[in-house]
Amino acid sequence: MLMPLFKYRDLLAMLVVRDIRVRYKQAAMGFMWAIFMPMVAVLAGIIVKKAMAVISGGDLELLGIVSMSVKILPWTFFSSAIRFSVSSLVSNSNLVTKIYFPREVLPLGAILACTFDFLVAILVLCVLLTMAQVGVSIQLLWLPFIFLMLFCLTAGLGFLLAAANLFFRDVKYIVEIILTFGIFFTPVFYSSDELGQYGIFMLLNPIGSILESISQVVVLKQAPDMLWLLYSSVCSIAIFIFGFIIFKKKESVFAENI
Amino acid sequence: MKYAIEFNHAWKKFKKGEKFDSLRDAVPNFFKNIIKPKKSTEDLTDREFWAVRDVDFQVKKGEVVGIIGPNGAGKSTILKMLSGILIPNKGDMKIHGRLSALIEVTAGFHPELTGRENVYLNGTILGMKKKELDAKFEDIVEFSGIREFIDTPVKRYSSGMYSRLGFSVAAHVNPDVLLVDEVLAVGDISFQAKCAQKMREMLKSGVTIAIVSHSLPLIQSLCERVILIDKGQVLKEGSPEEVIPFYEKIVFNQQEEELKNKLKKSTFKVAPTDNKPLITINKVDIIDGKGESKDDFPFGSNLTINVEYNADKKIEKPVFSLVLFRSDGVVCFESDTKRRGVSVESIEGKGKYIAQLGELKLSPGIYILQLSILDRDLVHPYVIRKEDVFKIETDSVHKQTSSVFWKDVEWRMN
């Protein structure tokens with residue numbers, strides 16, 4: 001898999017740069033949006049948290065806000081990366097039907113462009129967390145591994161859905177619906193513990209267990225729940241391999257079916 | 001390695017109509033194929049057809065091959081298979097060396113990006129490295145001739161500037177094997193000349209080229225070998241002098257058929273005297289020097305036209321006229337009895353006349369004959385007949401001209 005990707009790394013890099021540039025072209029604020037958007041997301045999360053606190057009659061805890069903040073940004077990354085990668089083949093149909101290159105650079109490029117936004121968002125969040133006086137701990141070393149799993153999961157789904165969407169445009173709408181409502185079925189605004197015995201269903205969703213691991217590591221400064229981290233890692237890697245194999249199997253008929 | 005392109009008995013099928021399998025069938029099939037990949041089936045299902053059938057050719061290193069054929073013959077499909085965009089159902093192909101395909105030079109452009117950004121983007125899509133592009137950037141901009149607008153988003157470009165920039169990037173790829181699909185006709189005349197010049201430079205540098213084009217003069221001037229494709233099959237292969245006239249013959253035959261059908265359908269309205277034309281032309285024969293009535297004649301034939309008519313009433317001093325049109329509507333010549341000083345006192349009932357055209361050095365192509373009989377002042381036609389079509393053929397590629405006539409000009413060099 002990696003050999004052709006290495007050969008086409010310049011193309012991949014160029015497509016990522018293209019996607020990032022195009023996103024902020026002809027916008028007066030330009031690149032500032034990349035910084036502004038995560039702040040808006042966190043702000044929206046705080047409002048939701050406040051509303052939940054009012055309804056349940058409790059207080060708005062700082063811990064809850066911080067936990068929500070570190071989970072909403074990976075979720076935003078996940079949902080936007082899936083959105084962009086699903087349509088990555090179809091929206092580049094010109095390239096798919098006219099020029100040869102390994103097609104996986106298209107969904108991968110879309111995901112990497114979102115990863116760039118995510119990295120900016122992480123920097124913004126670091127500043128916010130420092131202001132909220134959330135300290136560091138040795139457990140943060142888990143983060144690169146967790147992020148890698150998040151990336152594998154996203155890329156695997158991206159490959160699978162991009163290929164599926166090429167054959168059936170229904171996929172795009174189905175994905176849109178799932179992503180819109182998915183945030184309610186994923187422990188973003190709340191944690192799986194709050195659901196008691198039903199919390200397990202939140203964690204069975206690999207994105208849910210990944211988000212909880214991040215929260216545990218950053219906010220609670222604990223080691224992640226090994227069982228669930230193992231579960232989500234296995235899921236992520238399996239989905240990545242499965243998605244990639246299907247993508248490559250179907251790649252040769254992309255041009256005539258688009 | 002002897003060959004740069006090997007194309008071995010390749011077959012490719014496509015589907016007609018909106019290809020939409022129901023989701024109910026597609027999902028199980030999708031998974032079935034993953035578990036047990038189906039052997040590329042060799043028979044067609046109801047809506048499928050072979051777009052390319054058993055095409056087999058090789059191109060030597062440094063050779064320039066032209067691929068010609070009517071629209072929908074499968075030429076572009078062949079190039080797309082060569083470049084790896086499409087995979088053949090049967091057969092295989094090999095390319096030795098770095099390949100570049102100029103199938104659509106602006107395909108990689110993004111309208112929001114500037115010319116500069118697009119040069120880099122399109123260049124990498126066409127297979128260049130960033131470093132290479134840095135080195136060639138100046139040349140590319142110079143070649144395109146739009147330095148002034150290089151930092152303007154290409155969505156603001158005119159379509160000419162757009163394709164000029166596209167071609168400029170593509171022309172600087174420096175491949176070993178180049179596939180060209182009808183992209184040389186971009187920009188204005190001076191830019192087209194530049195493109196042709198660039199192509200010739202590439203030829204000299206020993207690049208192997210497969211070029212698809214409908215411009216036969218271009219193919220003739222660039223290619224050493226031509227492959228004629230029709231309905232997905234190789235019809236003929238050989239030197240341009242052999243293949244191009246053969247192809248034109250086929251095209252002329254089709255054109256002749258179409259013209260005949262069209263002319264038969266359209267009835268010429270003759271100014272109504274009594275609703276019914278007074279004269280009918282019953283039979284027209286175009287005859288060659290040997291007295292044979294035919295539809296197609298070799299270049300330089302002696303042609304004579306025999307006409308049988310029938311006049312219902314007695315007509316005083318009629319004028320007989322003929323006009324020869326080329327298939328595109330150009331009038332080649334006309335003649336009538338009045339201006340030639342042939343006077344006819346009167347006609348009634350059945351009659352015949354002969355018009356001798358002599359040796360006709362018409363360029364190869366399709367011609368339409370219009371015959372009419374008019375009153376003495378050439379104002380009122382009794383009958384107009386425009387449905388006789390004939391064809392001039394040649395085996396020599398040198399007689400292919402865009403002019404109406406072939407003229408044997410005497411040249412003297414002092």
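Here is how names work: the chains are called A, B, and so on, in the same order as the sequence lines, proteins then strands, and each is numbered from 1. Keep in mind it's a predicted model, so treat the numbers as computed, not measured.
Taking both residues in full, the closest heavy atoms of B:L86 and A:A255 are given as CD2-CB, 3.7 Å, listed atom of the first, atom of the second, then distance. Listed here is the closest heavy atom pair of B:G108 and A:I99: N-CD1, 4.4 Å. Of all the heavy atoms in B:I87 and A:S252, the pair that sits closest is CG1-CB, 3.1 Å.
When atom types are taken as modelled, the side chain of A:D10 and the backbone of B:K130 share a donor-acceptor pair closer than 3.5 angstrom.
Looking at B:S100, there are no atoms closer than 4.5 Å to chain A (heavy atoms on both sides), in backbone or side chain. At a 4.5 Å heavy-atom cutoff, the contact between B:K80 and chain A is made by side-chain atoms alone. Only the backbone of A:V96 has a heavy atom closer than 4.5 Å to any heavy atom of chain B.
Atom CZ of A:R18 is separated from atom OG1 of B:T124 by 10.0 Å, given to the nearest 0.5 angstrom. In this structure, the separation between OG1 on B:T77 and CD on A:E256 is 9.5 Å, given to the nearest 0.5 Å. The OH atom of A:Y8 lies 8.0 Å from the NZ atom of B:K129; values are rounded to the nearest 0.5 Å. One distance of note links CG of A:L95 with NE2 of B:H110; it measures 10.0 Å at 0.5 Å rounding.
Under a 4.0 Å N-O distance rule, the pair B:E117/A:K25 qualifies as a salt bridge.
More than 12 heavy atoms of other residues, nucleotides or ligands shown are found within 6.0 angstrom of CE on B:M161. Counting heavy-atom neighbours within 6.0 Å of B:K198 NZ, excluding the residue itself, gives a total above 12. Heavy-atom neighbours of A:Y173 OH from other residues, nucleotides or ligands within 6.0 Å: at or below the threshold of 12. The 12-atom threshold is exceeded at NZ of B:K155, counting heavy atoms of other residues, nucleotides or ligands nearer than 6.0 Å.
Per-residue heavy-atom pair counts under 4.5 Å with chain A were compared for B:L113, B:N118, B:I125, B:I85, and the maximum is reached by B:I85.
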Determine, step by step, whether B:L121 and A:L15 satisfy the side chain to side chain contact (heavy atoms under 4.5 Å, CB included) criterion, reporting the C-alpha distance in whole Å, the side-chain angles of both residues, the deciding distance to 0.1 Å, and the verdict. CA-CA 7 Å; B:L121 175 64; A:L15 286 172; 4.1 Å; yes
